[in-house]
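Computed from a predicted structure; not experimentally measured.
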Amino acid sequence: MATARFPGKSVDVAAANWSAPALGRPLCVNGTPWILYLLEECVDNVWEYCSVVIGLVSMFCFLLSTLPQVYEAYRNGKVEEAMSFGFLFFLFSGDLTSFAGCYLTNQLPIQIVTVVFYIFTDLILISQFLYYKIKNSSSRKSPVLKWLCFMWCGAATLVLLALPKLIIDNSTTLDTQSPATSKSVEITGYICGYLASIFYLSSRFPQLYKNFQRQSTEGTSYLLFALAMMGNGTYGLSVIVVLPALRGSKQTFIIKHLAWLIGSLGVLILDFFVTAQFIMYRKNNSAKSRALRVPEVEPLLCEEEELSVL
């Protein structure tokens, strides 16, 4: 597994379900067809099936998690005041190292495409942050800044759309390497996975401090953290659920997934603190919203008083 953001193949579970090769390709006996086609996993019992379904739910939650914040930043227009750049930087770094881990450990195409989408949404969030920071700090509107932002997002979209195909086409070179080279590459890939977990875990601290410093969570979408909590919770559950179906050592399986479990569950715990901040600072958010509406109301009241005097 290259990242805690989505489930990976479990060799311990799937290996015992493959039959002897036929026509150059092994056959899956009593496996679930759609899982075999989509994830290339041979799933033939309820524990494995539940693990895969819960893992896909986790992946779906992570796919949607950043979209509410993109909309909130567009609606609010003051994302640089609400979001910590450290949070965005560590999130992007985690996805980037996850991508490297996926490539080096020769993960499935669906996993590579998924992590590329994560990087794409991270770039949108960072672009929004920089765009509104420059725009709000400038005293005059600059159409050049808007066009540069559009060009940057367009170029990033084109590159990220072409990237998965190029990587998948070149992934065969990893399969033809010598066993020693292949092993070292795989170890490097798993090290990237460990780094990704550290980056994800580190991303919450700057945002927690930012919220504490402002005594507010206004301008931040709670769905970003709620969906991340669902994704991390279901990921941990998908790893635990498969334990009864293991043919090999359960201890070895846990050790292999320990780093990602620690990262996933650690982020889940930190997101509970973020949730507490949203609850604690809710009154401050509503007070600020009322304060922003007061200047719009006062002139209307003054006009009504002048008319009554006349």
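Of all heavy-atom pairs spanning P206 and F87, the tightest one is CB-N, 3.8 Å. Closest of all the heavy-atom pairs between Y281 and N211 is CE1-O, 3.4 Å. Shown here for S84 and K210, the closest heavy-atom pair between the two residues is CB-CB, 4.0 Å. The nearest pair of heavy atoms linking S197 to G263 is CB-CA, 4.1 Å. Summarising the geometry of L195 relative to T97, their closest heavy-atom pair is C-OG1, 4.2 Å, with the distance given to 0.1 Å. Across R214 and A82, no two heavy atoms sit closer than the pair NH1-CA, 3.6 Å.
Inter-residue side-chain proximity for L125 and T66 is flagged as met; some heavy-atom pair is nearer than 4.5 Å. Y71 places none of its side-chain heavy atoms less than 4.5 Å from the side chain of L67.
Applying side-chain contact (heavy atoms from CB on, under 4.5 Å) to Q128 and the options L88, V70, L123 leaves one that passes, V70. Screening T275, L227, I279, T217 for a side-chain contact (heavy atoms from CB on, under 4.5 Å) with Y222, the sole residue that qualifies is T275.
In terms of hydrophobic clustering, with Ile, Leu, Val, Met, Phe, Trp and Tyr side chains grouped at heavy-atom distances under 4.5 Å, L64 and M83 are assigned to different clusters. Residues I198 and L208 do not share a hydrophobic cluster, clusters being chains of Ile/Leu/Val/Met/Phe/Trp/Tyr side chains in contact below 4.5 Å. When the side chains of ILVMFWY residues are joined at heavy-atom separations under 4.5 Å, either directly or via intervening members, L201 and Y209 end up in two distinct hydrophobic clusters. Hydrophobic clustering (side-chain heavy atoms under 4.5 Å, transitive across Ile, Leu, Val, Met, Phe, Trp, Tyr) groups L63 together with V267. Linking ILVMFWY residues whenever their side-chain heavy atoms come closer than 4.5 Å, directly or via other members, leaves L223 and Y74 in distinct clusters.
Distance alone, capped at 3.5 Å, places no donor-acceptor pair between the S98 side chain and the A196 backbone. S51 places no side-chain N or O within donor-acceptor distance of the main-chain N or O of W47, the cut-off being under 3.5 Å. Panel note: side chain S65, backbone L224; no donor-acceptor pair is recorded below 3.5 Å. Listed for the E81 side chain is no donor-acceptor partner under 3.5 Å among the backbone atoms of K78. Of the possible donor and acceptor atoms, none in the side chain of N76 sits under 3.5 Å from a partner among the backbone N and O of E72. For the pair S264 (side chain) and L261 (backbone), a donor-acceptor distance under 3.5 Å is absent.
Expressed to the nearest 0.5 Å, how far OG of S58 lies from OH of Y235 amounts to 8.5 Å. Taken to the nearest 0.5 Å, the SG atom of C192 stands 11.0 Å off from the CZ atom of F99. For the atom pair F62 CZ and T121 OG1, the distance stands at 11.5 Å (nearest 0.5 Å). Here the SG-CD1 distance, from C50 to I240, works out to 14.0 Å after rounding to the nearest 0.5 Å. Rounded to the nearest 0.5 angstrom, I124 CD1 and F120 CZ are separated by 3.5 Å. Atom OG of residue S221 and atom CZ of residue R75 lie 9.5 Å apart, to the nearest 0.5 angstrom.
Judged as a ring-ring contact (aromatic ring centres under 6.0 Å, His included), and not counting sequence neighbours, F273 has no contacts. In terms of the ring-ring contact (aromatic ring centres under 6.0 Å, His included) criterion, Y132 has no residue partners (sequence neighbours excluded). Legend: residues meeting ring-ring contact (aromatic ring centres under 6.0 Å, His included) with F205, ordered by chain and number and at least two apart, are absent.
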Handout entry: Audit row: T220, F225, side-chain contact (heavy atoms from CB on, under 4.5 Å) steps and yes/no
Key = CA-CA 10 Å; T220 308; F225 300 98; 3.6 Å; yes
Exercise for the section: Would you check, one step at a time, whether the test side-chain contact (heavy atoms from CB on, under 4.5 Å) holds for Y200 with D95? Expected result: CA-CA 8 Å; Y200 290 140; D95 288 335; 2.5 Å; yes
Exercise for the section: Could you check L91 against Y118 for side-chain contact (heavy atoms from CB on, under 4.5 Å), going step by step and ending with a plain yes or no? Expected result: CA-CA 9 Å; L91 192 65; Y118 295 153; over 6 Å; no
Exercise for the section: May I have the step-by-step check of side-chain contact (heavy atoms from CB on, under 4.5 Å) for V274 and Q207, ending in yes or no? Expected result: CA-CA 8 Å; V274 177; Q207 190 60 43; 5.6 Å; no
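Aromatic ring orientation, Y49 versus W34: perpendicular (interplanar angle above 60°, classes split at 30° and 60°).
Around atom CZ of F60, no more than 12 heavy atoms belonging to other residues, nucleotides or ligands sit under 6.0 Å away. Within a 6.0 Å radius of CE in M230, other residues, nucleotides and ligands contribute 12 heavy atoms or fewer.
Between F85 and F129, the gap from one ring centroid to the other is short of 6.0 Å.
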